[in-house]
2 protein chains.
Amino acid sequence: MKLDQIDRKVLDILQSNAKITNAQLSKEIGLSPAPTLERVKKLETSGIIQSYHAQLDREKVGLGVTTFVMVNLVGHKKMVTDLFVARVEEIPEIIECHHITGSGDFLLKVISHDIAAYQKLMLETINEIEEVASTQTMVILSTFKESKVMPIP
Amino acid sequence: MKLDQIDRKVLDILQSNAKITNAQLSKEIGLSPAPTLERVKKLETSGIIQSYHAQLDREKVGLGVTTFVMVNLVGHKKMVTDLFVARVEEIPEIIECHHITGSGDFLLKVISHDIAAYQKLMLETINEIEEVASTQTMVILSTFKESKVMPIP
DNA sequence: CTGTTTAGCCGCATAATATTGGGAGTAGAA
DNA sequence: TTCTACTCCCAATATTATGCGGCTAAACAG
């Protein structure tokens, strides 16, 4: 499926504000509501739009500490990474897990209530995973940009 | 503002599916539509729910390469970081920018069409920023978890 | 204990919004 | 030119959100 300029505009708008009404969206892209809705549905069924999410204020829900944890595993066989990934799936505080190139094997994004909770999670859960050889943490001091809008080429 | 169990459930559901109708949401939490809506509005006006976003399939919109870029700046004075952050704001391919502890100063999340586009961005834009002393890139080979739902304590 | 207040609930009526279907205009292919 | 496929608009209908009045139960002060 190929996107035209209007589709791109729709995607831009829905990325930054998913709660816009179809009527309003149609105005902003310069079409009437019917074809606008048709386009959105097409983007959804084709899988280009995967899902819609509410974005929460981490501080206000009591998750004030976010960290990136670089993980090295004890080996690089498929079994080792499979087991590691399976464990990661079960830990809700790990909200992202990427297999990466570079000096580490995996990069995790971890959210915690505070530093104490982070420490507890590391000591009692993450570093207890059999496949983990070592970890190195980067604590986020402040976040200057966290855009939910990707620039569509 | 303090959250009760029902609020938490609402937040859980809206994080994983923001497009749910109020009627459906009310069923899932076991209330009637009116107080359900009231709770959601309260969560929005209090700022606990910040915004709603559509999540796109990166591959399908032609953004197949995601990278983390660790950046070291030429100094640590406020002016240096301010100028750096201002430049970062202007670059849409940088979708996250965090000030971190550890061996780097900043960690960026960068999305590109392909490796060539990534290389061009690094050479012509990011490494051209005056305040950048050095960068180190981690290319994401695959992503095993990317949860949009944070576990509310 | 008891009267009072308050927060939170429900059901209903109404307003706003999404959604569907029919038909018309238009560009590209043959 | 003529056909085809596409995309659009308008208008009718179905869904959904929303505001209001009244009820109930828990919290609280006397």
Side-chain angles (χ1 to χ4, degrees), chain A residues 1-63 113 148-153, chain B residues 1-63 113 148-153:
Chain A
M1 177 180 176
K2 56 179 191 288
L3 305 172
D4 63 13
Q5 272 315 112
I6 297 179
D7 289 323
R8 273 179 252 274
K9 209 183 239 176
V10 168
L11 292 176
D12 255 1
I13 294 169
L14 291 181
Q15 280 187 98
S16 60
N17 174 21
K19 270 296 181 71
I20 190 173
T21 66
N22 187 58
Q24 184 60 32
L25 178 62
S26 70
K27 272 183 206 164
E28 301 201 10
I29 64 173
L31 289 181
S32 73
T36 302
L37 190 67
E38 201 178 320
R39 279 170 183 269
V40 173
K41 292 293 173 200
K42 208 165 167 183
L43 290 167
E44 286 172 359
T45 57
S46 71
I48 290 175
I49 297 176
Q50 288 181 328
S51 47
Y52 298 91
H53 305 279
Q55 176 69 21
L56 309 190
D57 185 315
R58 284 187 191 150
E59 291 286 345
K60 289 186 179 166
V61 296
L63 291 165
H113 175 63
K148 301 296 172 185
V149 184
M150 51 183 86
I152 298 160
Chain B
M1 176 179 176
K2 57 177 189 292
L3 305 172
D4 63 13
Q5 272 316 111
I6 297 179
D7 288 323
R8 272 179 253 275
K9 210 184 237 175
V10 168
L11 292 175
D12 255 0
I13 294 170
L14 290 182
Q15 279 187 99
S16 60
N17 174 21
K19 269 296 180 70
I20 190 173
T21 66
N22 187 57
Q24 185 60 32
L25 179 62
S26 70
K27 271 182 208 165
E28 300 201 11
I29 64 173
L31 291 180
S32 74
T36 303
L37 190 67
E38 200 179 320
R39 280 170 181 269
V40 173
K41 293 292 173 201
K42 206 166 168 184
L43 290 168
E44 286 172 0
T45 58
S46 70
I48 291 175
I49 296 177
Q50 289 182 327
S51 47
Y52 298 91
H53 305 278
Q55 176 69 21
L56 309 189
D57 184 316
R58 283 185 192 153
E59 292 285 345
K60 289 185 179 166
V61 296
L63 291 166
H113 174 63
K148 302 295 173 185
V149 183
M150 52 184 85
I152 299 160

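Chain letters run A, B, ... following the sequence lines, proteins first, then strands; residues in each count from 1.
Rounded to the nearest 0.5 Å, atoms NE2 (B/H53) and CD (A/Q55) are 5.0 Å apart. For the atom pair A/N17 CG and A/L25 CG, the distance stands at 9.5 Å (nearest 0.5 Å). If you take CG on B/L43 and CG on B/L14, they are separated by 8.0 Å, rounding to the nearest 0.5 Å. Going from atom CG of A/L3 over to atom NZ of A/K42 covers 10.0 Å, rounded to the nearest 0.5 Å. Rounded to the nearest 0.5 Å, atoms CZ (B/R39) and OG (B/S26) are 12.0 Å apart. Here A/E44 contributes atom CD and A/Y52 contributes atom OH; the two are 3.5 Å apart, rounded to the nearest 0.5 Å.
Only at 4.0 angstrom or more do the heavy atoms of residues 8-18 of chain B sit from any atom of DNA chain C, so none qualifies.
For the pair A/D4 and A/K9, the salt-bridge criterion is not met [side-chain N within less than 4.0 Å of a carboxylate O].
A/I6 places its CD1 atom 14 Å from the C1' atom of D/dC9, with the value rounded to the nearest Å. Straight-line distance from the CD atom of A/E38 to the P atom of C/dG22: 14 Å, rounded to whole Å. In this structure, A/D7 atom CG and D/dT7 atom P are separated by 9 Å, rounded to whole Å. Between the C1' atom of D/dA27 and the CG atom of B/D4 lies a distance of 16 Å, rounded to the nearest Å. Atoms NZ (A/K2) and C1' (D/dT7) sit 13 Å apart, rounded to a whole Å.
Here B/R39 does not reach the OP1 or OP2 of C/dG8: none of its side-chain N or O atoms lies under 4.0 Å away.
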Take B/D7 and B/K2 through the test side chain to side chain contact (heavy atoms under 4.5 Å, CB included) and record every step on the way to the result. CA-CA 9 Å; B/D7 288 323; B/K2 57 177 189 292; over 6 Å; no
When you look at B/L56 and A/Q50, which way does the side chain to side chain contact (heavy atoms under 4.5 Å, CB included) test go after all the steps? CA-CA 5 Å; B/L56 309 189; A/Q50 288 181 328; over 6 Å; no
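Taking five base pairs at each end of the helix from C/dC1-D/dG30 to C/dA30-D/dT1 and finding the rotation axis that steps the C1' atoms of four pairs onto the next four gives two axes whose angle is 30°, to the nearest 10°.
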How does protein reach along nucleotides 12-19 of chain D, written 5' to 3' as B (base within reach of a heavy atom under 4.0 Å), S (only sugar-phosphate), or - (no contact)? ----SSSB
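Within a 6.0 Å sphere centred on NZ of A/K19, heavy atoms belonging to other residues, nucleotides or ligands number more than 12.
In terms of modelled atom types and a separation under 3.5 Å, the side chain of B/K60 and the main chain of A/S46 share a donor-acceptor contact.
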